[in-house]
Amino acid sequence: MKKHNFSAGPCILPQSVLQKASEAILNFNDLDLSLVEISHRSKDFVDVMENAKSLSLELLGLQNKGYKALFLQGGASMEFLRVANNLLEKKAAYLNTGTWANKAIKEAKLYGELIEVASSKDNNFNYIPKNYTIPSEVDYFHCTSNNTIFGTQINQFPKTDVVKVCDMSSDIFSRQMDFSQFDLIYAGAQKNMGPAGTTLIIIKEEILGKVSRVIPSMLDYQVHISKDSMFNTPAVFPVYVSMLTLEWLKDLGGISAIEKINNQKAALLYSEIDRNTLFKGFVADKEDRSKMNATFNLIDDSFSETFNNLWKEAGINGLNGHRSVGGYRASMYNALPLESVQVLVNIMKELERKA
Ligand SMILES: *Cc1c(COP(=O)(O)O)cnc(C)c1O
C-alpha cells in the first residue's frame with residue numbers, strides 16, 4: 001500500500017498522475033516510443049509544453065493579461081539569480097522570511113544594492129514580518145509566499161506600485177488569491193506540481209528589457225519567451241508530469257476546489273497540535289501558519305522514540321523536521337489526501353494515551 005507521504009519535496013503527486021506518467025515512459029500517445037526518447041520539437045511534445053503553459057496561466061487566472069509562462073531548468077535556485085539579472089538595475093527590496101529568501105538575497109547582491117525591508121531572523125523565522133515599507137525607487141520587491149522549512153506563509157501581501165516578484169515554490173496552485181498583483185512568479189516543480197527538474201516561471205512581459213547589462217542567453221527571460229521554452233532542450237519528463245498534475249487539478253475544480261481540501265487538512269492537524277498536551281507548534285502567530293508545511297515539536301523529547309516508531313508503523317513517510325528547525329514537519333501539498341492527515345492525528349492521540 002502507498003505510504004502516507006508528508007515529504008517536503010520532492011513530494012507526493014497524485015497516484016493517477018504517476019500511473020499515466022509511467023505509461024508514457026513506455027509508450028507515449030500510442031507512438032510506440034517513450035516520451036523520453038522523442039524529439040522535444042515533435043508535435044507530440046510541443047503540444048505537452050503548450051498545454052502545460054496554458055493550464056498554468058488558466059488555473060492562476062492570468063490568461064490574456066500580458067503574462068507568459070516558461071518551463072526552465074536550474075530549479076527555483078536558478079531564478080534567484082535570473083530574476084536579479086533580468087530586473088535589477090540599481091536597487092531591489094527583499095523580504096527575509098527564511099532560508100530560501102536568504103539564498104535569493106545572496107544571489108541578487110551580485111547584481112546591485114539590496115534593501116532588506118524586514119526580517120524574522122531574530123526569532124529563527126517563526127513569524128512573518130508585517131508593517132514594513134517598500135521604498136518606491138527600487139526596481140522590484142521580492143518575497144517568498146510560503147516558507148517550506150519554517151512553516152510560515154504570507155497571508156497579506158504588501159500593496160506596492162513597484163514590480164512584485166514572488167517565489168511560490170511550495171504553495172503555488174494551493175490557494176486562491178489575486179495572482180495578477182505579481183509581475184513575476186516562479187516555482188520549482190517538485191513541491192506542488194511535478195518531479196524535480198523544471199521550474200515554472202510566469203512573467204508579465206512588459207517588465208522585461210529594462211536593465212542595461214548584457215544578459216547571457218540562458219539567463220535571459222526574453223530569449224526563453226521568444227523560443228517558447230525551447231531555447232535549449234526542456235526537461236521533457238518533468239514538464240509532462242507537471243502538465244498531468246495541472247490537468248488533475250483542473251478536473252478537480254481548480255485552485256478553489258483544492259483550497260477547500262487544503263484548509264480542511266490544515267485545520268485538522270493544527271487543531272490537534274493545539275489540543276494535544278504533548279505537542280506545540282513552531283510558528284509564533286497562528287495567522288502565520290503555513291497550510292502546506294506544518295512545523296511542530298514534542299514538548300518532552302523523551303517521547304520521540306515512541307512517536308517515531310508509531311508514525312513509521314502507521315506507514316507515514318517524511319515527517320522529520322528540517323535540520324535547521326528540528327522536530328517535525330508535515331507537508332500537506334495538494335496531492336496529500338485528507339485521510340493521511342487523519343492517520344497522523346490518530347497517531348498523535350495514541351501517543352498521548354500511552355504517555
Ligand atoms: C525548495 C525551495 C526552493 C529551492 O528549489 P530548488 O528547485 O531546489 O532550487 C526555493 N524556494 C522555496 C520556497 C522552496 O521551497
Side-chain angles (χ1 to χ4, degrees), residues 5-13 56 70-85 94-110 119-121 124-129 141-155 157 164-175 177 179 182 184-202 218-219 224 229 234-235 237-239 241-242 245 262 282-283 288-295 318 320-325 329-336:
N5 191 0
F6 289 87
S7 174
C11 73
I12 186 165
L13 290 170
S56 307
L70 296 170
F71 280 91
L72 304 182
Q73 283 142 270
S77 301
M78 178 62 96
E79 301 325 304
F80 296 162
L81 70 108
R82 199 145 39 193
V83 161
N85 217 312
Y94 276 66
L95 176 64
N96 187 359
T97 48
T99 310
W100 299 117
N102 249 309
K103 290 191 169 180
I105 289 168
K106 183 171 172 236
E107 297 306 306
K109 273 187 180 157
L110 300 171
S119 168
S120 44
K121 193 173 181 192
N124 200 20
F125 301 110
N126 75 351
Y127 69 102
I128 297 284
F141 166 71
H142 179 284
C143 60
T144 313
S145 54
N146 181 67
N147 302 290
T148 328
I149 292 177
F150 300 94
T152 59
Q153 193 170 25
I154 299 178
N155 282 309
F157 289 89
K164 216 153 137 184
V165 179
C166 189
D167 175 1
M168 288 197 192
S169 291
S170 53
D171 68 351
I172 195 164
F173 302 119
S174 73
R175 55 173 173 165
M177 66 171 96
F179 291 98
F182 301 101
L184 196 158
I185 296 167
Y186 62 92
Q190 71 275 17
K191 306 278 169 46
N192 218 8
M193 190 171 61
T198 194
T199 312
L200 170 63
I201 299 130
I202 292 181
M218 276 297 281
L219 294 181
H224 290 292
S229 295
F237 185 69
V239 172
V241 182
S242 298
T245 310
N262 289 337
F282 172 77
V283 176
D288 296 339
R289 285 172 160 178
S290 166
K291 289 181 173 147
M292 293 283 98
N293 313 94
T295 45
N320 287 322
H322 189 272
R323 59 191 180 279
S324 56
V325 180
R329 170 173 52 168
S331 297
M332 300 176 282
Y333 296 114
N334 284 354
L336 185 86

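The first residue of the sequence shown is numbered 1, and numbering continues consecutively from there. Counting convention: from 1, in listed order, for ligands and their atoms alike.
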Problem set entry | Pairwise distance NZ(K164) to CG(L184) - rounded to 0.5 angstrom | 13.0 Å
Seminar exercise, completed: Under 4.0 Å from ligand 1, residues with heavy atoms, in chain and number order, are G75, A76, S77, F80, W100, T144, N146, T148, D167, S169, S170, Q190, K191
Seminar exercise, completed: Sorted by chain and number, sequence neighbours left out, side chain to side chain contact (heavy atoms under 4.5 Å, CB included) with M78 holds for L81, R82, L219
Problem set entry | Contacts of type side chain to side chain contact (heavy atoms under 4.5 Å, CB included), residue A84, not counting sequence neighbours | L88, A108, Y111, Y140
Problem set entry | Parallel, tilted or perpendicular: rings of F157 and F182 (30°, 60°) | perpendicular
Exercise. Which pairs with one or both residues in residues 97-108 pass side-chain hydrogen bond (donor to acceptor under 3.5 Å, both in side chains), sequence neighbours excluded?
Worked result: T97-N147
Exercise. Can any side-chain N or O of T295 pair as donor or acceptor with the backbone N or O of F150 at less than 3.5 Å?
Worked result: yes
